[in-house]
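This report refers to the structure that appears directly beneath it.
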Amino acid sequence: MTCIPEHVRGILNTLESGGFKAWLVGGCLRDMLLGRTIHDWDVATSARGAEIVSLFPKTVETGARFGTVTVITSGGLVEVTTLRSDGVYSDRRRPDEVHFVDDLLEDLKRRDFTVNAMAMTGAGGLSDPFDGQGDLERRLIRCVGRPEDRFSEDALRMFRALRFSAQLGFDIESLTMAAIGRCAPLCAALSAERVRDETEKILLSPRPELVGAAVSLGLFEGRLDKADGQSADLLDVQSPALRRIAGLPEDNRLRWSSFCAVLQSNRRTASARDFLRAMHLDAKTVRSCAAGAETALAAPLPKDRPALKRLLSHIGPDAARCAAAADVVLRGGDTLRRIEEVISGGECFSIAQLAVTGDDLIAMGIAPSRQLGAILKKLLDHVIDHPEDNKREILMKRALKP
Ligand code: ATP
Ligand code: MG
C-alpha cells in the first residue's frame with residue numbers, strides 16, 4: 001500500500017489536534033489501496049470552512065458553498081472538505097444545497113461508487129460501510145445505493161462508471177450496468193464540459209475502446225446521430241478499430257481524432273468539426289482533429305516519404321499527426337510512426353525549413369511578388385523529392401532557372 005505523504009499526514013494531524021475528525025477519502029484512498037499512483041489527495045473533516053481556514057497558514061476557499069478549502073503546503077495542494085450530505089438535485093447536475101453533517105456515514109452515502117466511498121484516519125482506521133474493499137478485490141464498479149436513484153440525481157455518474165472501468169480495468173456490476181442502459185437518456189442534459197472531460201479520460205485510459213460502449217449505451221444521446229443499422233459496427237468494444245486506439249500515444253488530439261473517424265465511418269456524426277465544437281473542445285484541437293479525421297476518412301494515407309511530406313506541407317504537422325492516428329485506427333499499419341519519423345528527423349516539408357528565405361531571393365533581384373511565393377513553392381516541391389538538395393547554393397541556382 002502506498003504511504004501517506006508527509007504534507008497530507010501533517011494536515012490530518014493539524015485537524016485532529018484542533019479537536020476535529022479527519023479522514024482520507026475518495027479516489028486517493030481507492031488508489032492507495034490498489035497501489036496506484038495518486039494524483040490528488042482529498043481529506044474529509046468535521047471542521048467547517050472557517051475552522052479549516054483558521055488552522056492553516058495558506059488556504060484558498062475553492063468551493064466554499066460545498067465546504068471545500070484548498071490547503072496549500074510546500075508538499076502540494078490538498079482539498080479539505082467538510083462532511084456533508086447532498087440535498088435535492090433539481091438540475092440533475094449539482095445539489096441545490098448541501099447540508100453539513102457530523103456523521104461520516106452520511107458523507108460516504110452521497111459518493112458515487114463503493115470503491116470511492118471509503119474513509120481512513122491518519123492512524124489507518126478504515127471505514128468501509130458499502131464493502132468497497134470487497135469490490136476492489138472483485139474488481140467491480142458498483143453504485144452506492146439504488147443505481148437508478150443515483151443516476152437520476154447526477155447522470156454524469158454513468159460516464160464515471162465507464163471511466164473508472166476503463167482506467168482501473170474493473171467490470172461494472174450487473175445491476176449498475178442495467179441501470180445505465182435504462183437511465184442513459186438523462187445524459188442529454190449534462191453540460192458539454194463535463195461529458196468532454198469524462199470522455200477524454202476514457203480515451204486516454206488503457207481501455208479507450210469503452211467509448212464505444214458509452215456510445216452504444218446511449219450516453220451521447222442528443223450529441224450524435226441515431227444508429228441507422230447500416231454501418232459496419234466499428235463501435236463495438238470488440239472491434240479491432242477501437243482497440244487500436246490503445247496503441248496510440250497518450251495524446252488527447254490523436255485520440256479524439258481517431259474516435260471521430262470511427263464515429264463518422266459508423267455514420268453517427270456527419271461532421272467531426274460539429275461534434276467536437278459541441279463538446280466544447282478548444283479551437284485548435286477542433287481544427288487539427290477534424291482535419292485529421294476527414295483526411296483519413298477520404299482515402300488511406302500514403303506510405304512513401306515524399307507523399308507524407310506533401311501531406312505535412314498541405315495540412316500542417318498537427319493535423320497530419322491526427323490524420324495518421326485516425327488512419328492507424330481505421331486500417332491498422334504504422335503511418336503514425338512514419339509521420340513522426342519525418343517530423344523528428346528534421347526533413348524539410350515546409351517553406352520555413354528551406355535553406356533559402358524569401359529575403360535571399362529578393363537580395364538576388366527577384367521581385368517580392370506572387371512570383372516569389374511560386375518560386376519558393378517550386379523549391380519546396382523539389383526538396384521534398386530530393387532532400388539532399390536543401391542547400392543554399394543549390395537552391396539559389398535553381399531559383400534563377402526559368
Ligand atoms: P480521479 O481523481 O482519479 O479522477 P476520484 O475518485 O478522486 O478520481 P474525483 O472527481 O476527484 O474522483 O472525486 C473525488 C471523490 O468525490 C470521488 O472518489 C467520489 O467519492 C466523490 N465524487 C466525485 N464526483 C461525484 C459524483 N458525480 N457523484 C458522487 N460522488 C462523486
Ligand atoms: Mg480525485
Side-chain angles (χ1 to χ4, degrees), residues 2 5 8 23-45 62-63 66-70 76-89 91-96 98-99 101 104-120 126-133 135-136 140-170 176 179-180 183 186-187 189-191 193-207 210 219:
T2 327
V8 180
W23 299 265
L24 285 179
V25 282
C28 61
L29 180 53
R30 175 199 68 221
D31 290 342
M32 207 165 120
L33 295 170
L34 285 172
R36 287 167 60 90
T37 349
I38 296 157
H39 53 89
D40 49 29
W41 294 89
D42 288 307
V43 168
T45 180
T62 5
F66 298 99
T68 303
V69 174
T70 303
L77 309 180
V78 177
E79 298 228 311
V80 179
T81 305
T82 309
L83 294 178
R84 63 178 224 228
S85 70
D86 292 345
V88 185
Y89 283 69
D91 69 349
R92 297 216 154 93
R93 209 165 70 96
R94 292 233 175 271
D96 296 345
V98 302
H99 301 283
V101 295
L104 174 66
L105 180 63
E106 284 303 309
D107 183 273
L108 296 179
K109 257 196 214 161
R110 73 171 170 91
R111 296 176 182 270
D112 47 7
F113 305 112
T114 59
V115 295
N116 288 344
M118 297 181 273
M120 195 174 84
L126 190 72
S127 302
D128 181 15
F130 310 107
D131 195 22
Q133 277 200 104
D135 285 336
L136 283 182
L140 280 181
I141 301 298
R142 179 201 308 269
C143 278
V144 169
R146 274 195 64 215
E148 261 98 343
D149 296 346
R150 305 314 309 285
F151 295 146
S152 309
E153 280 169 7
D154 182 5
L156 192 76
R157 292 172 186 154
M158 293 181 263
F159 270 101
R160 285 173 60 88
L162 283 165
R163 189 258 280 195
F164 288 123
S165 166
Q167 288 179 326
L168 304 173
F170 283 21
T176 300
I180 295 179
C183 299
L186 298 176
C187 290
L190 291 169
S191 77
E193 288 78 3
R194 294 179 92 205
V195 172
R196 174 198 63 204
D197 291 350
E198 291 298 325
T199 305
E200 191 162 292
K201 285 179 183 170
I202 298 175
L203 285 171
L204 290 169
S205 78
R207 294 207 298 171
L210 286 185
L219 301 194

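Note: hydrogens, waters and symmetry copies are ignored here, and every other heavy atom, side chains too, is used. We count ligands from 1, going down the list as the structure has it; atoms in each ligand are counted the same way.
- The shell of residues lying under 4.0 angstrom from ligand 1, judged by heavy atoms, includes Arg163.
- When heavy-atom distances to ligand 1 are checked against a 4.0 Å cut-off, Asn116 comes that close through both its backbone and its side chain.
- Here is the list of ligand 1 atoms found below 4.0 Å of a heavy atom in Phe164: 6 (O), 8 (O).
- For the pair Asp42 and ligand 1, the shortest N or O to N or O distance does not fall below 3.5 Å.
- Of all atoms in ligand 1, listed by their number and element, those nearer than 4.0 Å to a heavy atom of Arg110 are 29 (C), 30 (N).
- In terms of polar-atom proximity, Asp31 is not counted as a contact of ligand 1, lacking any N or O under 3.5 Å from an N or O of the ligand.
- Between Arg194 and ligand 1, no pair of N/O atoms sits closer than 3.5 Å.
- In Asp40, the N, O or S atom that comes nearest to the Mg ion (ligand 2) is OD1.
- Under a 4.0 Å heavy-atom criterion, Gln167 is not in contact with ligand 1.
- A salt bridge is defined here as a Lys NZ or Arg NE, NH1 or NH2 lying under 4.0 Å from an Asp or Glu carboxylate O, and Arg196 with Glu193 fails to meet this definition.
- For atom 18 (O) of ligand 1, the nearest non-hydrogen atom from the set Cys28, Ala44, Gly27, Gly132 belongs to Gly27.
- Side-chain atoms of Arg36 never come within 3.5 Å of backbone atoms of Arg30 as a donor-acceptor pair (strictly under, hydrogens ignored).
- Those atoms of ligand 1 with a heavy atom of His39 less than 4.0 angstrom away are 1 (P), 2 (O), 3 (O).
- In summary, the side chains of Thr62 and Thr68 do not present any donor paired with an acceptor at a separation below 3.5 Å, with no hydrogens or angles considered.
- Between Asp197 and Arg194, none of the side-chain N atoms (NZ, or NE/NH1/NH2) sits under 4.0 Å from a carboxylate O, so this pair counts as no salt bridge.
- The heavy-atom pair separating Arg150 from Gly145 by the smallest distance is CG-C, 4.5 Å.
- Around atom 13 (O) of ligand 1, the closest heavy atom drawn from Arg30, Arg111, Arg160 belongs to Arg160.
- Contact check for Arg111 versus Val25: side-chain heavy atoms found under the 4.5 Å cut-off.
- Near Gly26, meaning under 4.0 Å from any of its heavy atoms, are these atoms of ligand 1: 18 (O).
- For Arg207 (side chain) and Ser165 (main-chain N/O), a donor-acceptor pair under 3.5 Å exists by modelled atom type.
- Ligand-side atoms of ligand 1 in range of Asp40: 2 (O), range being under 4.0 angstrom from any heavy atom.
- Contact between Leu136 and Val115 at its shortest, heavy atoms only, is CD2-CG1, 3.6 Å.
- Annotation for Leu186 and Ser152: closest pair CD1-CA, 3.7 Å, computed over non-hydrogen atoms.
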